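Below is one structure, written out as structure tokens; the observations come after it.
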Amino acid sequence: MPRGNGMSSLLRQLRERKQARWFNRPVDPVADGVPRYLEVIREPMDLRTINERLDAGDYEGDRDRFADDVRLVFANALQFNADGPVRKDATDLSKFFETKWADQQAKEATAAVVTKKTQQQKKTKRKKDGDEVSDLDDDDVSALDDDDRSVVRRPTKSKGGKTKNDDRQEKTTKKKKKKTKTSGLPPFDKA
């Protein structure tokens, strides 16, 4: 299963940073010497758990939940640690995450605009070519079976009951006939 939309890349970048050593696994109150941790922190979160959720597809279609879980890791660290290296590293990683997250969001927004513009250009071209244009986008059309797809892209009829392509073909044929008649030679007579 593909891990979606840059979340895995961003999480990997976070986990590989030196400051992440505190956050790459769940806090063990006994082993880590913080027996009151679960009394203070009601919703523990760590980067390994986020990675496991990402692998399981838990964030598919819910990018905000991913970001909220990453933010929770750092919020918990800031809440529990009044000062010291854990607090400093949480602050640094949080800033790093927010910068990268904002960059990623901006790139995706730009990509969405470009995709929408491309779809509009395709739709405009199909209109110029005389094809009927549906409100369905290309993904919707490709999901239809062949019979349904032909209905969506059926050529539009002009006033004379012909398609616009028929009209163009007729004009081209008339031009060719005109050139033949006006070639300067008299018409061939069989008599």
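As the structure is a prediction and not an experimental result, all values here were calculated from the model.
Taking a 6.0 Å sphere around CG of Asp28, one finds it holds more than 12 heavy atoms contributed by other residues, nucleotides or ligands.
No path of Ile, Leu, Val, Met, Phe, Trp and Tyr side chains, each step under 4.5 Å between heavy atoms, connects Ile41 with Val73, placing them in separate hydrophobic clusters. Linking Ile, Leu, Val, Met, Phe, Trp and Tyr whenever their side-chain heavy atoms come within less than 4.5 Å leaves Phe80 and Leu93 in two separate clusters. Neither Met45 nor Val27 shares a network with the other; the hydrophobic side chains, linked directly or stepwise wherever heavy atoms of I, L, V, M, F, W or Y lie under 4.5 Å apart, form separate groups for each. Hydrophobic clustering (ILVMFWY, side-chain heavy atoms < 4.5 Å, transitive): Val86 and Leu72 are in one cluster. Transitive grouping of hydrophobic side chains (ILVMFWY, heavy atoms separated by less than 4.5 Å) brings Val40 and Tyr37 into a common cluster.
Minimum heavy-atom separation, Gln104 to Gly6: NE2-O, 3.0 Å. Listed here is the closest heavy atom pair of Leu54 and Ser8: CD2-CA, 3.5 Å.
Here the straight-line distance linking atom CD of Glu98 with atom CD of Gln105 works out to 10.0 Å at 0.5 Å rounding. In this structure, CD in Glu43 is found 7.5 Å from CG in Asn76, a value given to the nearest 0.5 Å.
Checked for salt-bridge contact, Asp92 and Lys18 miss the test: no charged N lies under 4.0 Å from a carboxylate O. In this structure, Asp89 does not pair ionically with Arg17, as no charged nitrogen and carboxylate oxygen lie closer than 4.0 Å.
Aromatic ring orientation, Phe23 versus Phe74: perpendicular (interplanar angle above 60°, classes split at 30° and 60°).
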